[in-house]
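One structure coming up, written as structure tokens, with questions to follow.
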Number of protein chains: 2
Amino acid sequence: MLAFVNGPTIGRVTAETTHPSTEPAAAERPRKRQARGERRIAQLLDAAGHVFAESGYAATTTNAIAARAGVSPGSLYQYFPNKDAIAAALAEFYADSLDELLAPFAALDPAAVSLEAALGASLGPIVRFHRDNPACLALFIGGNAPGHVMDLQAPLMARTHARIEALLALYAPELPAARLETGAAVTLAAYKGVLPLLVEAEEERVPALTQELGDLLLGYFDRLLRP
Amino acid sequence: MLAFVNGPTIGRVTAETTHPSTEPAAAERPRKRQARGERRIAQLLDAAGHVFAESGYAATTTNAIAARAGVSPGSLYQYFPNKDAIAAALAEFYADSLDELLAPFAALDPAAVSLEAALGASLGPIVRFHRDNPACLALFIGGNAPGHVMDLQAPLMARTHARIEALLALYAPELPAARLETGAAVTLAAYKGVLPLLVEAEEERVPALTQELGDLLLGYFDRLLRP
DNA sequence: AGAGATTACGAGTGATTGCTCGCATTCGTC
DNA sequence: GACGAATGCGAGCAATCACTCGTAATCTCT
């Protein structure tokens, strides 16, 4: 649990140290945060992750998050301006983490590494991440996310789509652009569809299911690349 | 639009004509419904379908459904006891329709009909149905459905899973049971993942995307059946 | 130790929303 | 036309929930 508290600057709303000149209008006093405060933020985000994963965004109440974190509602609102911001802070961490986990696909040498090998190596950590942070799927896949979460989700999906498209182009240079685009969209959709299965499965079934996810994608690639 | 109003007895809450004896406790007076009432129910369910599809279950208000149907909130509650019941009435129709659309897979002759042909023939109508009734995905896939909807969704998924498993067993009799089960689960998950893509796509892309969905499933079957 | 800032609390507020109730209108039937 | 039943209305009730505020405890730094 709490996979992100060791992560990079999550929920750190620290205004970057700007010039000491008075900001024009929307500037807030750069609050100096104590260690206690940082801990509370981690507690709150951890609690939020659990509650979002259990109930989805809409059904979770801020009071439930505060209660789960062992904190009063007032304290919650000392660190987050509103409910959206809590989800957004989580989403930002999730998006960054996924970007990192998906990076290996960016530059692959088709001659040296087979798609099979690349998927086999990368899928495991991705699956593990989603199992450790089930709220990620709840926020990103579960559709009805609030405004600020969508601001992070849509670009992440676009980047992932582009990554898949580039991957396909790498391994099948002669595929027409339209089919490339469609193939990437279908691959991403199938991937998103199977992930919930992996997250809800019992631990012992995870390796086999991960293998199956790889087979699903590879089987589609086979049909895509060889007409 | 309004794909279901000609369907079978949708939202018909008519208590079957029981014995005229006074029912023990939970019996309601069997209201005689006028033609006007039936029309209102269809209007309300049509409106509900649109609003659910646009906003998801949690975010839709009963007042919004009533307004969209051109009806006052009070009238809505004359035909449905609560918000859940509206979603449940829709879900019942959806579940029945999908059962019907998936029935062709029940009994196939592997010698006479290839999986390719079976999918090619059946996927089109299924996709069309989902495009005509986008609320079906919103309620069934969108996770956070209320209690009574889940009562319909879970069995539907179980039936679909069983159907896929039977299909696989038919075309690969020697596949071990465990792998059969896993294969069906992955197939269903991938299918559910790609459907939203089909529903949101522009009309002209639908045939190509339907073909791709078929390729995805067939590609996976290839890998599943031939190690 | 003392000053000033941050943290913590939790009852309360305003807005939203599922739903009700009393009454007016329309329909089906004689 | 008349009567009972079904339909229709919409203001308003009660509950929920995101969020606030006054106040008190605790920390940091000199």
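Keep in mind it's a predicted model, so treat the numbers as computed, not measured. Sequence lines set the chain letters: A, B, ... in the order given, protein chains first and strands last, and positions in each chain run from 1.
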**OP:** Return the residues of residues 57-65 of chain A meeting this criterion: a heavy atom under 4.0 Å from some atom of DNA chain D. Order them by number, or give none.
**Re:** A:Thr60, A:Thr61, A:Thr62, A:Asn63
Original post:
OP1, OP2 of D:dA18 versus side-chain N and O of A:Lys83: anything below 4.0 Å?
Top reply: yes
Original post:
Rounded to the Å, how far apart are A:Ile86 CD1 and D:dC17 P?
Top reply: 15 Å
Original post:
Contact class for B:Gly37 vs. all strands (heavy atom < 4.0 Å): base, sugar-phosphate, or nothing?
Top reply: sugar-phosphate
**OP:** Using atom CD of A:Glu38 as one end and atom C1' of D:dC27 as the other, report the distance to the nearest whole Å.
**Re:** 14 Å
**OP:** Using modelled atom types only, decide if a donor and an acceptor are shared between the side chain of B:Lys192 and the backbone of B:Phe140 within a distance under 3.5 Å.
**Re:**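 Answer holds: no.
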Original post:
Does A:Arg40 reach the main-chain N or O of A:Ala69 with its side chain, forming a donor-acceptor pair under 3.5 Å?
Top reply: no
Original post:
Between B:Gln153 and B:Tyr94, does any side-chain donor sit less than 3.5 Å from a side-chain acceptor?
Top reply: no
Original post:
Starting at CG of A:Asn82 and ending at P of D:dC17, how long is that distance when rounded to a whole Å?
Top reply: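 My rounded result for the distance is 17 Å.
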**OP:** Report yes if a side-chain nitrogen or oxygen of A:Tyr79 is closer than 4.0 Å to either non-bridging phosphate oxygen (OP1 or OP2) of C:dA8; otherwise report no.
**Re:**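 Yes.
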Original post:
Looking at the side chain of B:Arg36, which of D:dG10, C:dC9, C:dT26 is the nearest nucleotide?
Top reply: C:dT26
Original post:
What integer distance in Å separates B:Arg33:CZ from C:dG28:P?
Top reply: 14 Å
Subject >> Cationic N near anionic O, under 4.0 Å, B:Glu203 to B:Arg128 >> reply: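 Salt bridge between B:Glu203 and B:Arg128, a charged N being under 4.0 Å from a carboxylate O: yes.
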Original post:
Can you name the one residue among A:Val199, A:Asp132, A:Leu209, A:Leu198 that meets side-chain contact (heavy atoms from CB on, under 4.5 Å) with A:Val127?
Top reply: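 Of the listed residues A:Val199, A:Asp132, A:Leu209, A:Leu198, the side-chain contact (heavy atoms from CB on, under 4.5 Å) partner of A:Val127 is A:Leu198.
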Subject >> Out of C:dC19, C:dA8, D:dT7, whichever nucleotide has its closest atom nearest the side chain of B:Gln78 >> reply: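 Nearest listed nucleotide: D:dT7.
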Subject >> OP1 or OP2 of D:dG8 under 4.0 Å from side-chain N/O of B:Arg40 >> reply: yes
Subject >> Side-chain N or O of A:Ser75 closer than 4.0 Å to phosphate OP1/OP2 of C:dC9 >> reply: yes
Subject >> 5' precedence on DNA chain C between B:Pro81 and B:Gln34 (nearest-nucleotide basis) >> reply: B:Pro81
Original post:
Any side-chain heavy-atom pair from B:Asn133 and B:Ser97 closer than 4.5 angstrom?
Top reply: no
Original post:
Reckon A:Tyr77 has a side-chain N or O less than 4.0 Å from the OP1 or OP2 of D:dT20?
Top reply: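 Looking at the OP1 and OP2 atoms of D:dT20, neither is under 4.0 Å from any side-chain N or O of A:Tyr77.
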Subject >> Rounded distance (nearest 0.5 Å) linking atom OH of A:Tyr220 with atom CG of B:Leu216 >> reply: 7.0 Å
